[in-house]
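Below is one structure, written out as structure tokens, with a few remarks after it.
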There are 2 protein chains.
Amino acid sequence: MSADRGYHHGDLRAALIEASFAQLAEGGGLPRFSVAAVARRLGVSTAAPYRHFPDRTHLLGAVSGAAAHDLAAAIAAAADAAGTDPADRLAAAAGAYVRYVARTGAGFHVIYAGELHALPDETRRDRTRALMTTLLDLAAATGCPSYQEAVQLVEATIAVAHGYTSLYADGFFARKSISVDAIAARATTAARALMTVD
Amino acid sequence: MSADRGYHHGDLRAALIEASFAQLAEGGGLPRFSVAAVARRLGVSTAAPYRHFPDRTHLLGAVSGAAAHDLAAAIAAAADAAGTDPADRLAAAAGAYVRYVARTGAGFHVIYAGELHALPDETRRDRTRALMTTLLDLAAATGCPSYQEAVQLVEATIAVAHGYTSLYADGFFARKSISVDAIAARATTAARALMTVD
DNA sequence: GTCTATATCTAGATAGAC
DNA sequence: GTCTATCTAGATATAGAC
């Protein structure tokens, strides 16, 4: 990585996005996220990022879009690996979410962050919509009688996955030192239970 | 409240804790929590809080203890209001959690925050333990065959409640402007579903 | 395209006046 | 017990050198 002074990146823009994930994964969430810390992580000056992003929010927007894209792919892959039962496939999305966020730090609190709502970034909008579509398709396949119910099933699945993830990140399970895979398994089981009735 | 300069509080210590809840309720969570902002809210100098708490962490510890105490009471009340069915009683705890955190901003991410683990505050420890006992008793009453399973049922219930709450606070439901009570109802329904099998 | 240097802001925490 | 004033530290963002 050569964190020495004066190193020139080939593609600092891409490196900033990648380093932002690492920064988020270290905890503190959006409020603690700092452009300066990301720059330090790459060994460049704190001014360098502003050549590629006009401000902190635009960098976060790019991170949000990348996360939506990657998460949708991770969820689709997990669903396919889960087999053909629609309920198992949606439940697998919850597990995939836990693993993805534990690895990258970028969950729904980043992807759909309120402070990014006003951002005019079409790429990001498309990717967040595609992520939602991926989830809605999985929910619809379980036999939801209406679109409204599919939405609420997705929200419930997201809530349980995000809840486990959030508690894990906040150190709630820290004393017992439970592994990410164990938490992911519990989230999957809980999400599966949501579909046993209604 | 008389936010003018020079006002002397009768009990600034208690006022600081109460104002901290209001501060947390405005969003941003622990990372954004600032002693200076709490002082400003009460119209006192930024130095005043340090007469009552040695540092930011000790103030947060007091808030954590108060929240654990109040939340346990809110959960117990909601369980009693839910009737005699053990599953309904535990599910009601999830709804009570959503309403409590929407009102105060102090959920498990504050009560069990990792940065407070090292704090030697016996009052807080007693209250967080009592909160956990309240939840474990509700879970055990549903017929959990073992202590381990009661713990995991509590964790799942907490996860779903915290997930809804966290997404709500992060603005995930903001566009649809869903009310707190509606979110609480969904959390209750989802928690109830967790108990239909196993 | 990255650097150094800087202006402005906010926070945590302390010293000493009253 | 609270205030004013101050120190330190870290952040956002900009200006101008190379």
Side-chain angles (χ1 to χ4, degrees), chain A residues 1-20 22-24 26-64 105 110 113-116 118-119, chain B residues 1-20 22-24 26-64 105 110 113-116 118-119:
Chain A
M1 285 290 180
S2 173
D4 298 320
R5 304 298 162 101
Y7 182 78
H8 290 214
H9 273 279
D11 188 352
L12 182 57
R13 194 193 138 91
L16 285 165
I17 294 172
E18 200 183 317
S20 293
Q23 184 69 17
L24 286 167
E26 284 195 352
L30 274 211
R32 278 256 163 107
F33 179 84
S34 131
V35 178
V38 173
R40 246 179 270 124
R41 183 180 286 267
L42 291 172
V44 298
S45 78
T46 61
Y50 294 92
R51 279 291 130 181
H52 300 273
F53 299 97
D55 57 27
R56 176 184 184 275
T57 302
H58 281 77
L59 169 55
L60 281 173
V63 172
S64 164
V110 173
E115 61 185 283
L116 303 180
L119 202 65
Chain B
M1 281 292 181
S2 170
D4 299 319
R5 303 300 163 100
Y7 181 77
H8 290 215
H9 272 278
D11 188 354
L12 183 56
R13 192 193 140 91
L16 285 165
I17 294 171
E18 200 184 317
S20 293
Q23 183 70 16
L24 287 167
E26 283 195 353
L30 274 211
R32 279 259 163 105
F33 179 84
S34 131
V35 177
V38 173
R40 249 179 268 125
R41 183 179 286 268
L42 291 172
V44 298
S45 77
T46 61
Y50 294 93
R51 279 291 130 181
H52 300 274
F53 299 96
D55 58 27
R56 177 183 183 275
T57 302
H58 280 78
L59 169 54
L60 280 173
V63 172
S64 165
V110 173
E115 59 186 284
L116 303 180
L119 201 65

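Numbers restart at 1 for each chain; the letters A, B, ... are given by sequence-line order, proteins then strands. Side-chain atoms are counted along with the backbone in the values below, which use heavy atoms only and exclude waters and symmetry mates.
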Who pairs with B:Ser64 by side chain to side chain donor-acceptor pair (under 3.5 Å), at least two apart in sequence or on another chain?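 Partners of B:Ser64 by the side chain to side chain donor-acceptor pair (under 3.5 Å) criterion, ordered by chain and then number, come out as B:Arg124.
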By side chain to side chain donor-acceptor pair (under 3.5 Å) - contacts of A:His52 (at least two apart):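 By the side chain to side chain donor-acceptor pair (under 3.5 Å) rule, A:His52 matches no residue at all.
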By side chain to side chain contact (heavy atoms under 4.5 Å, CB included), which residues pair with [X], not counting sequence neighbours?
| X | result |
| --- | --- |
| A:Glu115 | A:Leu30, A:Arg56, A:Leu60, A:Ala113 |
| A:Ala47 | A:Ser45 |
| A:Thr46 | A:Ala36 |
| A:Ala37 | A:Gln23, A:Ser34, A:Arg40 |

Between [N] ([atom2]) and [X] ([atom1]): distance, integer Å:
| X | N | atom1 | atom2 | answer |
| --- | --- | --- | --- | --- |
| A:Leu16 | D:dA13 | CG | P | 14 Å |
| A:Leu42 | C:dT2 | CG | C1' | 13 Å |
| A:Leu60 | D:dA11 | CG | C1' | 14 Å |
| A:Leu59 | D:dA13 | CG | P | 10 Å |
| B:Phe53 | D:dT2 | CZ | C1' | 16 Å |
| B:His52 | C:dT14 | NE2 | C1' | 16 Å |

When you check the gap from the basic side-chain N to the acidic O, do A:Arg41 and A:Glu26 get nearer than 4.0 Å?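 Here A:Arg41 pairs with A:Glu26 in a salt bridge, since their nearest N and O are under 4.0 Å apart.
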Select base, sugar-phosphate, or nothing to describe what B:Ala48 touches, counting heavy atoms under 4.0 Å on all strands.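 The answer is sugar-phosphate, as B:Ala48 gets under 4.0 Å only of primed atoms, P, OP1 or OP2.
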If the sugar-phosphate is the primed atoms plus P, OP1 and OP2 and the base is the rest, what is the B/S/- string for nucleotides 7-12 of chain C, using protein heavy atoms under 4.0 Å? ----SS
Which value, rounded to the nearest 0.5 Å, describes the distance between A:Leu16 atom CG and A:Tyr50 atom OH?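 These two atoms lie 10.5 Å from each other.
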Which pairs, protein N/O on one side and nucleotides 16-18 of chain C N/O on the other, fall under 3.5 Å?
none

